[in-house]
Amino acid sequence: MTLLERVEQALDSIRPYLQTDGGNVSIEEITPDNVVKLRLLGTCANCSMSIMTFKAGLEQAIKKAVPEIVAVEAINLTDMNDPNAINPKQL
């Protein structure tokens, strides 16, 4: 199985939860140095909890399933300075 297929498989374990709330995620790129770049879709793209979804869900699922991934980035994550943003440190 390719690196891309393994990352997709990890995301497939999270997608049903995202889709329940009208969201989803797509892989924009896996860089040569094994950084995954994701795009949050649908309601996930502007949800105040997208930081939490990203950190506690997507990033962890990918790193657990594909240990050679060194970092996961969301290219359209809610801004941490947004007063409505909820991040893991607040919980």
Side-chain angles (χ1 to χ4, degrees):
M1 195 179 291
T2 68
L3 190 64
L4 176 63
E5 290 169 333
R6 292 171 53 216
V7 171
E8 281 288 356
Q9 188 175 49
L11 292 175
D12 284 344
S13 71
I14 300 293
R15 278 194 172 102
Y17 304 105
L18 302 176
Q19 291 168 340
T20 296
D21 293 323
N24 207 336
V25 63
S26 68
I27 299 170
E28 288 293 308
E29 174 185 15
I30 300 176
T31 68
D33 55 340
N34 288 349
V35 175
V36 176
K37 296 187 180 189
L38 302 176
R39 177 177 299 278
L40 300 174
L41 305 170
T43 57
C44 289
N46 57 11
C47 175
S48 63
M49 292 201 56
S50 65
I51 297 166
M52 184 69 175
T53 299
F54 175 75
K55 285 291 188 190
L58 301 169
E59 182 179 50
Q60 292 302 311
I62 291 171
K63 285 185 168 183
K64 182 177 178 184
V66 191
E68 58 264 49
I69 294 299
V70 297
V72 182
E73 301 172 359
I75 61 173
N76 63 332
L77 194 61
T78 299
D79 187 338
M80 293 282 277
N81 296 320
D82 183 327
N84 297 314
I86 299 170
N87 68 59
K89 293 176 184 169
Q90 293 174 319
L91 299 176

* Is there a chain of hydrophobic side chains (I, L, V, M, F, W, Y, each step under 4.5 Å between heavy atoms) that links Ile62 to Leu41? -> no
* To do: Go through the structure and list residues passing side-chain contact (heavy atoms from CB on, under 4.5 Å) with Thr2, not counting sequence neighbours.
  => Leu4, Glu5
* **Val25 side chain reached by Phe54 side chain, heavy atoms, under 4.5 Å** => no
* Listed by chain and number, what are the side-chain contact (heavy atoms from CB on, under 4.5 Å) partners of Gln19, not counting sequence neighbours? -> Arg15, Asn24
* To do: For Glu68, check salt bridge (Lys or Arg N to Asp or Glu O under 4.0 Å) against everything at least two apart and list the hits.
  => Arg6
* Cluster partners of Met1, using ILVMFWY side-chain heavy atoms under 4.5 angstrom, listed by chain and number? -> none
* For Thr31, all residues meeting side-chain hydrogen bond (donor to acceptor under 3.5 Å, both in side chains), sequence neighbours excluded -> Asp33
* Asked: Are Val72 and Leu3 joined in one hydrophobic group, where the rule is that I, L, V, M, F, W and Y side chains link up if heavy atoms are under 4.5 Å apart?
  -> yes
* Is there any salt bridge (charged side-chain N to carboxylate O under 4.0 Å, His left out) pair reaching into residues 16-25, and which pairs are they, with sequence neighbours excluded? -> none
* **Residues forming a side-chain contact (heavy atoms from CB on, under 4.5 Å) with Ile14, sequence neighbours excluded** => Leu18, Leu58, Ala61
* Name all residues meeting the salt bridge (Lys or Arg N to Asp or Glu O under 4.0 Å) criterion together with Glu28; count only those two or more places apart in sequence or in a different chain, and write none if there are none. => Arg39
* **side-chain contact (heavy atoms from CB on, under 4.5 Å) partners of Glu73, counting only residues at least two apart** => Val35, Lys37
* Asked: Say you draw a straight line from OG of Ser13 to CD of Glu8; how long is it, rounded to the nearest 0.5 Å?
  -> 11.0 Å
* Going only through I, L, V, M, F, W and Y residues with side-chain contacts under 4.5 Å, is there a path from Val66 to Ile27? -> yes
